[in-house]
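Below, chain A is the first sequence line, B the second, and so on; all start at residue 1. Just so it is clear, the model here is predicted, and its values are computed rather than measured. Side-chain atoms are counted along with the backbone in the values below, which use heavy atoms only and exclude waters and symmetry mates.
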Protein chains: 2
Amino acid sequence: MKRPTIADIARRAGVSKGAVSYALNGQPGVSDTTRKRILAIAQEIGFNANSAARALSGARARAVGLTLCRPARILGIEPWFMGLISGFEAELGAQSYALTLQVVATPEQEVEVYRRWWGERRIDGVIVTDLRENDLRIPVLHQLQLPAVVIGGSGEESPVTQIWSDDGGAITEAVRYLVALGHSRIARVSGVPDLLHTQVRTKAFNEVCASLGLSDAITVPADYTGEEGSRATRRLLIGGDRPTAIIYDNDVMAVAGLAVAQEMGLSVPGDLSIVAWDDSPLCSLVHPPLTALSRDVSGYGAQAARELLNAIDGKKVGNVKAQTAHLTPRGSTAPPRT
Amino acid sequence: MKRPTIADIARRAGVSKGAVSYALNGQPGVSDTTRKRILAIAQEIGFNANSAARALSGARARAVGLTLCRPARILGIEPWFMGLISGFEAELGAQSYALTLQVVATPEQEVEVYRRWWGERRIDGVIVTDLRENDLRIPVLHQLQLPAVVIGGSGEESPVTQIWSDDGGAITEAVRYLVALGHSRIARVSGVPDLLHTQVRTKAFNEVCASLGLSDAITVPADYTGEEGSRATRRLLIGGDRPTAIIYDNDVMAVAGLAVAQEMGLSVPGDLSIVAWDDSPLCSLVHPPLTALSRDVSGYGAQAARELLNAIDGKKVGNVKAQTAHLTPRGSTAPPRT
DNA sequence: GTCCGGCACTTAACCGGTCAAGTACACTAT
DNA sequence: ATAGTGTACTTGACCGGTTAAGTGCCGGAC
């Protein structure tokens, strides 16, 4: 049960390997009748071009890489990555590019994986997530000349293409909404402070709160996990002057915060309003359903994949701004009880 | 910035390509001093073997494939797959195998992807999830002679290696526990009924309920999504003789069920006890935290990857039984209010 | 002195594609 | 009749590894 090669097709069609190659790739050099005959034979014997051979003769590997650098326990539960991945796939699958995945523990390992993949010619490009300040991956990507697209940058000038969204604008909208409802003590539980988009959000949050005269608007740093989300929420709620609204940097922490409030006997949204960043089915799953900053994560992923394919094709692409997250009000926000 | 090849190493070391190949692969045929020299040069110039060239000359592709066949909205939120994936990685990474991922919409597409991957020599084997009755993928895998490991079979004889766990035993434990607490009206919200492990669970659930004399133990089929979980729960709770305990086939539906109960003003666990299948951080996140049937999903994945690598190496492996899920009691179960 | 075995390499074929260069033939223009 | 042009192929090199077969040389046995 040997897998067929173009030589098999050539033999059956009575032509040379080269002719078969031209026929299969839609290149000129064979007549229409011959081409049809060859395609029919290929179809019949279930031919698929050996990707290794193709990659070896100068062509692409037709695969892109993605590394996930978060602890497994949070990876599993956060809908964000899977949304992103299904977006990539939608685009990559259409061009029959494969997606190669690697879970890593540290950014250093991540860099190692990039080096290895690229050295092995296993991939044509990578998608980079969770950009940090002075990210050590960027100079390596640049040095390797490895086509890449960064997700979640700040939109500033960068040697690597970025797909970014206006997180500052989104959080400003959320704060204004809460203030319009009558809230004046608004807190925030953030994601990992090292991440660039966390910093963008923190800055915008501080600015809008200052401009609206909210003096005690504080941000408690956390790490996207439920445990940290609970801890941060408890810290915020045990104080005497507890906030009447909390904005969370992801859905998982928001759900954890909701549970803490319920556990402490606080009513949501009566005693506490909750806003989650990044809408997902998780937000509509709980009671009350969470008001969220929604965006089309999967579309975001598809856009990133599209830009990466462009970069691989040598088209120089600049930073791309994706849709800004918009507020989806649900049951977890209301005017504060007086 | 051309990427180095063994020819580059050979030139610098003043030996032939063949010698370099022997040296790098730890094969006999070169002296110890030469080998060390070659390895040092390889290290210095950052050599990585071209995976395409290696794969082309008869060797392995050093990659395995995984297809995910669930709608994106549920893929994202279910921790199960990510747990599995990080388990695979732990094992594959150690052997420097890559994991290639593809999201598909239907089992037919899945089969197509297998055919293409195998035809392209892109992968050495696949991991198959969500086994169905008379699964159409199994004969194809067998016909292609594509090394594979099936996750979530029933443990019965099969032409393809299975990693399975005793789901019947686990659900029996859960029912007995609820009965011991004093419950007599126990319902179940199941996953997709086509899946083999759903059938195993349903059968065992019916049997244990019958043997314990629980006459109105019913299973409402759902599809693992929160929406269906809510709907099924509502249906169960609006009846006059509503159950005092519900077992859900995954954590997402259990959380949705909890929200429905709260929304209807029922207290959990006072009026309704809830048990989730497959523990995950999600279960401890909500209030009250959910009693769950736990197992080491990531370990399960690692075991599957290990068996697949064995199968790829030509070692004939039989079915492997993984650890049975065990009950982790939390706040969502209690004796029913009288 | 020579024959033999073994070590440390080299040589070259091979994997299965791609693609530039070459060839054979028909048809047209002069 | 002859050159020129285009079409429809064939030929063969090449990508970067692996590996069977070949070579040169050294040391030891007879």
Side-chain angles (χ1 to χ4, degrees), chain A residues 1-39 41-42 45-63 96 116-124, chain B residues 1-39 41-42 45-63 96 116-124:
Chain A
M1 173 62 66
K2 222 181 122 295
R3 285 166 282 184
T5 70
I6 52 167
D8 297 324
I9 300 180
R11 206 174 315 113
R12 282 168 86 129
V15 296
S16 69
K17 284 194 334 175
V20 174
S21 176
Y22 291 139
L24 293 177
N25 294 305
Q27 304 234 32
V30 283
S31 66
D32 239 36
T33 45
T34 310
R35 187 188 302 276
K36 280 201 186 103
R37 191 156 43 92
I38 289 174
L39 287 173
I41 295 174
I45 64 178
F47 171 79
N48 285 101
N50 183 323
S51 63
R54 191 170 257 172
L56 188 52
S57 42
R60 318 247 101 110
R62 295 196 83 79
S96 68
R116 186 164 54 78
W117 275 348
W118 184 237
E120 291 179 344
R121 254 70 124 217
R122 208 179 250 289
I123 46 141
D124 300 321
Chain B
M1 177 60 67
K2 221 181 124 291
R3 285 166 282 184
T5 70
I6 52 167
D8 298 324
I9 300 180
R11 206 173 317 112
R12 283 169 85 127
V15 296
S16 68
K17 285 195 334 176
V20 174
S21 176
Y22 292 138
L24 293 176
N25 294 304
Q27 303 235 33
V30 283
S31 67
D32 240 34
T33 43
T34 310
R35 186 186 305 275
K36 282 201 185 100
R37 189 155 44 93
I38 290 174
L39 288 174
I41 295 173
I45 64 178
F47 172 78
N48 284 103
N50 183 322
S51 63
R54 189 170 257 172
L56 189 53
S57 42
R60 319 246 101 109
R62 294 196 84 78
S96 68
R116 185 164 56 77
W117 275 348
W118 185 236
E120 292 178 344
R121 253 73 124 215
R122 210 179 249 289
I123 48 140
D124 300 321

For nucleotides 5-8 of chain D, which of its nitrogen or oxygen atoms have a protein nitrogen or oxygen under 3.5 Å away, and what is each distance?
none

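- Partners of Thr33(B) according to the side chain to side chain donor-acceptor pair (under 3.5 Å) rule, which considers only residues two or more places apart in sequence or in another chain, are Ser31(B).
- For Ala19(B), the side chain to side chain contact (heavy atoms under 4.5 Å, CB included) criterion is met by Val15(B), Ser16(B), Val30(B), not counting sequence neighbours.
- Residues passing the side chain to side chain contact (heavy atoms under 4.5 Å, CB included) test with Arg60(B), sequence neighbours excluded: Arg62(B), Tyr97(B), Asp124(B), Ile312(B), Asp313(B).
- Partners of Ala63(B) according to the side chain to side chain contact (heavy atoms under 4.5 Å, CB included) rule, which considers only residues two or more places apart in sequence or in another chain, are Arg122(A), Ala98(B), Thr100(B), Ile123(B).
- The two atoms that bring Ala61(B) and Ala55(B) nearest to each other are CA-CB, 4.1 Å, heavy atoms only.
- Pairs of residues two or more places apart, or lying in two chains, that qualify as salt bridge (charged side-chain N to carboxylate O under 4.0 Å, His left out) and include a residue from residues 24-35 of chain B are Asp32(B)-Lys36(B).
- Residue order along DNA chain C, read from the 5' end via each residue's closest nucleotide, puts Arg35(B) first among Leu56(B) and Arg35(B).
- In terms of phosphate contacts, Gln27(B) brings no side-chain nitrogen or oxygen within less than 4.0 Å of OP1 or OP2 of dT18(D).
- Here the closest non-hydrogen pair linking Ala53(A) and Leu56(B) is CB-CD1, 3.7 Å.
- Following rounding to the nearest Å, Arg122(A) (CZ) and dC15(D) (C1') show an atom-to-atom distance of 17 Å.
- Residue Thr5(B) comes nearest to Arg121(A) through the heavy atom pair CG2-NH2, 4.5 Å, listed as atom of the first residue, atom of the second, then distance.
- End-to-end axis angle for the helix from dG1(C)-dC30(D) to dT30(C)-dA1(D), using five pairs per end and rounding to 10°, comes out at 70°.
- Here the range on DNA chain C touched by chain B, meaning any atom under 4.0 Å from one of its heavy atoms, is dA8(C) to dG16(C).
- Annotation: salt bridge (charged side-chain N to carboxylate O under 4.0 Å, His left out) contacts involving residues 15-24 of chain B, sequence neighbours excluded, are absent.
- Listed by residue number, the members of residues 10-25 of chain A with any heavy atom below 4.0 angstrom from DNA chain C are Lys17(A), Gly18(A), Ser21(A), Tyr22(A), Asn25(A).
- Taken to the nearest 0.5 Å, the CZ atom of Arg12(B) stands 5.5 Å off from the CD1 atom of Ile45(B).
- The salt bridge (Lys or Arg N to Asp or Glu O under 4.0 Å) search around Arg54(A) returns none, not counting sequence neighbours.
- For the pair Asn50(A) CG and dC15(D) P, the computed distance is 18 Å after rounding to whole Å.
- For Arg116(A), the salt bridge (Lys or Arg N to Asp or Glu O under 4.0 Å) partners at least two apart in sequence or on another chain are Glu120(A).
- Residue Ile9(B) contributes atom CD1, which lies 15 Å from atom C1' of dT18(D) at whole-angstrom precision.
- Inter-residue side-chain proximity for Leu24(B) and Leu39(B) is flagged as met; some heavy-atom pair is nearer than 4.5 Å.
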